[in-house]
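A note on names: the letters A, B, ... follow the listed sequences, proteins ahead of strands, and every chain is numbered from 1.
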Amino acid sequence: MKIKDIADKLKISPRAIRFYEEKGLLSPIKQEHNQYRTFSEKEVWRLQTIISLREVGMPIGEIKKVLDQIDEGDQDELRYYLELQRAVMFSQWVEMKQIIETTDQMIHLLKQNQLLVLEDIYQLAEGSKRLREIRKNWRDRWNFDRQAVIYDEFVRNDDQSFNVHRNYDEALDLTVKWVSPKAGEFGLDIGTGTGNLAGRFLATGIQIAGIDQSKEMLKQCQRKYPQMETKLGNFLAIPYLDGQFDFVVTSFAFHHLTDEQKQLALEEIRRVLKSHGRICITDLMFEDQQKRIQYVENLKKQGQLNAIRAIEDEYYADRSRLLDWFKQHGYITKQKHINVLLHIVYAVPS
DNA sequence: TTTCTTACA
DNA sequence: TGTAAGCA
C-alpha cells in the first residue's frame, strides 16, 4: 500500500505519516526507482498503535519507547504506560475540579457583595494554590519499586528490635472482619502493594480493586491475584470517578502522607465512595501527641536510635486528629490498637 | 497524478 | 503537523 491509501484508511495526513517516520516510529520500505514508501500490514498495525496512543495524549517520544519495547516482545510496558497516562490524567482532573470549585466560590462572592471582595478572592486563590502544592509534594521516598519483589518476605522476617510489621496478619484479618463486606459490594484498597489486604477480601468472594503508586508492586500483586483489578495511582488523586465504592481500606500506607496530605487523602476517599461508604484505615500511628512523645522518650532511654530515626522519617498519624476529622464529617468511628504503633480506625457515615 | 524532500510556520 | 515549492 502507498502512503495515500494508508492515510485515507486511517484518516490522517500523509504528512503525519512521514513525520512519524522522521521521528523513528516507522520505517517503511522505499521503492528502489522512485523512493515511494510501501506499507505492509505490520506497518499499518504500527500506525494504528501510534494514532491510538496519540489520541490519549502520549507524546511522540514516549510512543517510540513503548513501540521499541513491544518490538522486544514486551507487552507489559504498554499496559504500564497507559496506566501511567491514566494516573496523570486523573491528577490533572482532580486539580481541575479544584480550580473549578475555587472559581465557583469567587463567582459566588462577587454575586453577594460588589465591594471589598478583592481580598477574599485573593485568599481563595492562595488556598487553591496551597492545595496544589500539597498535592504536588508527594513523592516516593522509599522506592517501593525496588522493594516489590522482596516485600512479602520482608514483612514476614521483619525481626528487627523495632518491628513495624508486628501483628501484620492479625491486623489485616481484623480489617476484613470490621469492614465485613456483603456479597456484591465493591471495595478499594489504596496502597495495595502486593495485595495482602485486598487478597483477603478476594478470598471471601468480595470484589475489590487496588491502587498503588508503584508499578512493580502492582506487578507482584497481579501475579498473586490475576483476577484483581489494579491501577496506578495514589491517595491524592485516586484514579476512579466519584461514588464508585462501597468501602475503602488501606493498610500500612497512610503514614507515607504528611498531615496536610492526609486531609486531602480523606477528602479524595470520600469522593470515590458511595454516600453510605465506609472507611477503614489500618496503619502505624499514635493515639495522640502525648503518646508519641512518651514513645520516643522510651526509645531514647533504651538507646534505640534506629527506631527513633525510622519514626521521624515517616508521618505516623495522630489518631485523635484522625478521629476528629471523621467526627466533623459525620462519621461514627470504632478504633483499636493492635499494639503500641499499629491501629485500626473504622468509620461509618452516621 | 502522485509522491518525495526541504523549508518554514 | 500543515502548507507550499520544486522535482522526478
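Listed by residue number, Lys30(A) are the residues of residues 24-32 of chain A with a heavy-atom contact under 4.0 Å to DNA chain B. Near DNA chain C, meaning a heavy atom under 4.0 Å away, the residues from residues 9-22 of chain A are Ser13(A), Arg15(A), Phe19(A), Tyr20(A). At a non-hydrogen distance threshold of 4.0 Å, Gln35(A), Tyr36(A), Arg37(A) from residues 34-48 of chain A come into contact with DNA chain B.
Hydrophobic clustering, with ILVMFWY side chains joined whenever heavy atoms are under 4.5 angstrom apart, keeps Val149(A) apart from Tyr151(A). No continuous path of ILVMFWY side-chain contacts below 4.5 Å connects Ile238(A) to Val88(A), so the two sit in separate hydrophobic clusters. A continuous path of hydrophobic side-chain contacts links Ile308(A) to Trp142(A) [ILVMFWY only; heavy atoms under 4.5 Å].
Judged by distance alone, the side chain of Lys2(A) and the main-chain N or O of Tyr36(A) form no donor-acceptor pair under 3.5 Å.
Annotation: cation-pi pair Lys215(A)/Tyr80(A) present, NZ/CZ under 6.0 Å from the ring centroid and within 45° of its normal.
Side-chain heavy-atom separations under 4.5 angstrom define the hydrophobic clusters, and the remaining members of the one that includes Leu241(A) are Phe90(A), Trp93(A), Val94(A).
In this structure, Ile60(A) and His33(A) both approach DNA chain C, and ranking their closest nucleotides by distance from the 5' end singles out Ile60(A).
Pairs passing the side chain to side chain donor-acceptor pair (under 3.5 Å) check and including a residue from residues 40-51 of chain A, sequence neighbours excluded, read Ser40(A)-Glu43(A), Arg46(A)-Asp71(A). For residues 322-348 of chain A, no residue pair satisfies the salt bridge (charged side-chain N to carboxylate O under 4.0 Å, His left out) rule, not counting sequence neighbours. Residue pairs meeting the ring pair (Phe, Tyr, Trp, His ring centres under 6.0 Å) criterion with at least one member in residues 187-207 of chain A, sequence neighbours excluded: Phe201(A)-Phe247(A). Pairs passing the salt bridge (charged side-chain N to carboxylate O under 4.0 Å, His left out) check and including a residue from residues 98-114 of chain A, sequence neighbours excluded, do not occur. Sorted by first then second residue, the ring pair (Phe, Tyr, Trp, His ring centres under 6.0 Å) pairs that include residues 116-135 of chain A, not counting sequence neighbours, number zero.
Remark: DNA chain B forms stems of 3 or more consecutive Watson-Crick or G-U wobble pairs, all pair distances under 3.5 Å, at B:4-9 with C:1-6.
By the salt bridge (charged side-chain N to carboxylate O under 4.0 Å, His left out) test, Lys274(A) is found to be paired with Asp246(A), residues two or more places apart in sequence or in another chain being considered.
What you find for Leu10(A) and Val44(A) is that their closest heavy atoms are CD1-O, 4.4 Å.
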Please walk me through it: do Ile190(A) and Val249(A) pass side chain to side chain contact (heavy atoms under 4.5 Å, CB included)? CA-CA 6 Å; Ile190(A) 304 178; Val249(A) 294; over 6 Å; no
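In this structure, His165(A) and Phe154(A) have perpendicular ring planes: the angle between them is above 60°, well past the 30° mark.
Once you apply a 4.0 Å limit to the heavy atoms of chain A, the touched nucleotides of DNA chain B run 5' to 3' over dT2(B) to dA7(B).
Rounding to whole angstrom units, NZ of residue Lys2(A) and C1' of dA8(C) are separated by 14 Å.
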